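Everything on this sheet refers to the single structure shown next.
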Amino acid sequence: MKMVAPEAWKEDIALFKEKTDAFYAGELDKGAYKAFSGYYGSYAQKGGKASMLRLRMTAGRVTREKMEYTAKALRQYDIKRLHFTTCQTIQLHDLRPDQVYGIMEGALNAGIVTIGGGGDYPRNVMCSPLSGVEQDEFFDVLPWAQAAGEYLMSFIKAEKMPRKLKVGFSNSPKNLTHATFRDLGFAARADGLFDVYSAGGLGNNPRFGVKVAEAVQPEKILYYIKAMWLTFCAYGNYENRGKARTRYMQDALGGPENYAKAYREKLDEVLCSGEDLTIVAEPITFDKRGDGSTAQGRRVLKQKQDGLYTVQWHPIGGQPAPEEFCALSDALTEMPGVEMRLAPDETAYIINLTGNEARKVLELTKNSAGTLFENSVSCIGARICQVGLRDSQALLAACVEAARKAGIPDKALPQIHISGCPSSCGTHQIGALGFRGGVKSVDKKPQPAFVLYVNGDERQGKESMGRELGTILETEIPAFLVELGTAVAKSGMDFDAWNAADPKGLEQIAERYLA
């Protein structure tokens with residue numbers, strides 16, 4: 001298994017420049033350009049006047065070198081908007097074509113690949129963000145996630161790929177990467193092995209993954225990845241683009257049991273082929289140790305490494321101010337062994353900090369979300385996304401402002417998840433409260449609205465897709481959340497305890513807004 005050299009990817013950029021110039025000159029229509037540009041990790045934004053570029057951060061790991069390059073690009077090209085995504089990547093927005101070209105090529109020199117960041121290709125491999133430093137993890141899955149990411153890049157130009165092949169690794173039952181309902185997921189076990197799940201996913205026709213293997217040795221994971229590809233080659237739906245996702249194979253093959261049988265048949269083919277896909281992933285070790293200094297606070301986590309800390313940083317909506325990102329990058333150059341990890345809920349974690357370093361990072365990220373509710377998740381929204389129906393970022397901002405003005409205390413409202421459309425980029429289906437962009441008729445006129453989902457859960461063993469309650473006008477959602485948070489606060493409980501004690505309470509408050 002060999003990582004594709006940057007020079008090989010650079011050969012593709014010339015064609016991208018040609019087609020992008022044609023699009024902005026009006027010589028290529030929006031649909032044709034979107035189908036082409038996704039391969040490069042770039043799309044035109046709504047209106048066709050600017051572009052975005054997705055920087056793949058394999059396993060959510062942003063080394064100091066990658067962070068330095070991103071900060072350099074922000075400054076060099078005067079970029080005003082970036083977004084931490086739910087697939088653990090960094091998106092840069094509002095770009096001119098010449099900026100996209102320069103950043104794309106420079107990123108390759110820094111070890112950041114954009115190729116395959118969109119379109120019908122293997123997407124960024126996901127990994128529990130604190131893998132390797134978390135105190136209660138089963139084991140460090142990061143080396144295996146990185147190896148999987150390198151292997152999947154060799155499939156970028158393979159034929160008959162499913163749309164958005166998403167692979168995830170989880171290090172504990174917290175299941176932050178949704179390993180049990182990804183296209184392919186590797187869920188760590190206490191015995192140092194993986195259980196493997198397949199053909200799951202959010203969005204239209206959501207499905208939990210099918211457990212296709214148990215107690216898999218980490219060294220063998222590439223066999224399971226190739227079997228996934230072969231299974232889709234044999235049974236995937238290529239005629240209907242809307243169904244060209246692995247989760248549709250569960251129904252096409254007659255249910256989860258039949259799907260598992262079909263997958264295992266392909267796995268047997270791979271295992272019997274004679275191809276050696278066994279890997280040895282080198283452990284990621286940190287020589288750094290604490291220096292006796294300490295740190296504490298709501299955003300400070302103790303690592304399993306003695307005397308080291310992690311600082312949590314969650315910009316509202318996953319959109320850090322560029323100057324804040326750059327200042328943090330500058331500071332980290334003076335902190336040995338420190339790096340950033342991106343999480344699937346748009347949080348960033350700065351790891352391997354001494355107590356003194358942690359206090360500096362806390363100050364540099366003081367604009368981070370202040371409550372559980374402010375840590376809510378939102379896709380980039382319809383103001384930018386071509387397929388978005390509603391401006392999810394604007395809704396989140398309005399809700400945060402309303403909660404602050406009303407003085408709603410921490411944990412009286414849960415972390416909510418907002419998607420601008422059914423694609424579930426904001427993972428609305430697994431939030432305690434989720435909102436999905438829609439329309440509501442008022443006096444026979446369509447009005448901006450969001451569909452409300454309740455009681456979703458991502459935790460392994462407790463997985464639950466949120467139940468759809470109904471549709472609320474966009475303008476009324478902040479008031480609904482303030483009323484809900486006020487009721488919870490009066491009970492003296494946090495939201496989870498209140499919701500468990502009175503399962504009908506949420507629906508009763510929502511009823512008036514859904515009418």
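The shown structure was predicted, so the numbers you read here are calculated from the model rather than taken from an experiment.
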Handout entry: Mutual orientation of the aromatic rings belonging to Trp313 and Phe84 [parallel < 30°, tilted 30-60°, perpendicular > 60°]
Key =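 Ring orientation of Trp313 relative to Phe84: perpendicular.
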Exercise for the section: Determine the interplanar angle of the Phe169 and Phe186 rings, folded into 0 to 90°, and report it as parallel if under 30°, tilted if 30 to 60°, perpendicular if over 60°. Expected result: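 Phe169 vs Phe186 ring planes: parallel.
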Check whether any side-chain N or O of [X] sits under 3.5 Å from a backbone N or O of [Y] as a donor-acceptor pair, and report yes or no.
X	Y	value
Glu214	Val196	no
Gln460	Thr180	no
Asn124	Cys87	yes
Asn175	Glu458	yes
Arg56	Arg123	yes
Glu463	Gly461	yes
Asn171	Val141	no

Exercise for the section: Could you walk me through whether Ile430 and His417 pass the side chain to side chain contact (heavy atoms under 4.5 Å, CB included) test, one step at a time? Expected result: CA-CA 8 Å; Ile430 52 84; His417 297 244; 3.7 Å; yes
Minimum heavy-atom separation for [X] and [Y], please, with both atom names.
X	Y	result
Ser424	Ser419	CA-OG, 3.3 Å
Gly437	Leu389	O-CD1, 3.7 Å
Tyr40	Ile115	CD2-CD1, 3.7 Å
Lys46	Gln386	CE-O, 3.7 Å
Arg264	Val212	NE-O, 2.9 Å
Ser128	Ser170	OG-CA, 3.2 Å

According to side chain to side chain donor-acceptor pair (under 3.5 Å), who are the partners of [X], at least two apart in sequence or on a separate chain?
X	value
Asp251	Arg207
Arg81	Asp94, Gln319
Lys30	none
Arg467	Glu507

Pairwise side-chain contact, [X] with [Y], heavy-atom cut-off 4.5 Å (strictly under):
X	Y	answer
His178	Lys166	no
His83	His93	yes
Leu165	Leu152	yes

Handout entry: Aromatic centroids of Phe232 and Tyr248 separated by under 6.0 Å
Key =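 No; Phe232 has its ring centre 6.0 Å or more from that of Tyr248.
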Taking distance alone, no hydrogens or angles, what donor-acceptor pairs closer than 3.5 Å link side-chain atoms of residues 256-263 to residues at least two apart or in another chain?
residue : atom : partner : partner atom : Å
Asn258  : ND2  : Leu253  : O            : 3.1
Tyr259  : OH   : Ser198  : OG           : 2.6
Tyr263  : OH   : Tyr224  : O            : 2.8

Handout entry: Sequence neighbours excluded - salt bridge (charged side-chain N to carboxylate O under 4.0 Å, His left out) pairs with any residue from residues 272-282
Key =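 Salt bridge (charged side-chain N to carboxylate O under 4.0 Å, His left out) check on residues 272-282 returns Lys226-Glu275.
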Practice task
Check Arg245, Met249, Lys243 against Asn237 for a side chain to side chain contact (heavy atoms under 4.5 Å, CB included) and give me the one that passes.
Solution key: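 In the set Arg245, Met249, Lys243, the residue that makes a side chain to side chain contact (heavy atoms under 4.5 Å, CB included) with Asn237 is Lys243.
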Handout entry: Gap separating the OH atom of Tyr151 from the CG atom of Leu277, nearest 0.5 angstrom
Key =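 Taking OH in Tyr151 and CG in Leu277, the distance rounds to 4.5 Å.
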Problem - NZ (Lys411) with more than 12 external heavy atoms under 6.0 Å - result: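 No - once you tally the heavy atoms of other residues, nucleotides and ligands closer than 6.0 Å, there are 12 at most.
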Practice task
Give a yes or no on whether Lys19 atom NZ has more than 12 heavy-atom contacts from other residues, nucleotides or ligands under 6.0 Å away.
Solution key: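 Open: at most 12 neighbouring heavy atoms sit under 6.0 Å from NZ of Lys19.
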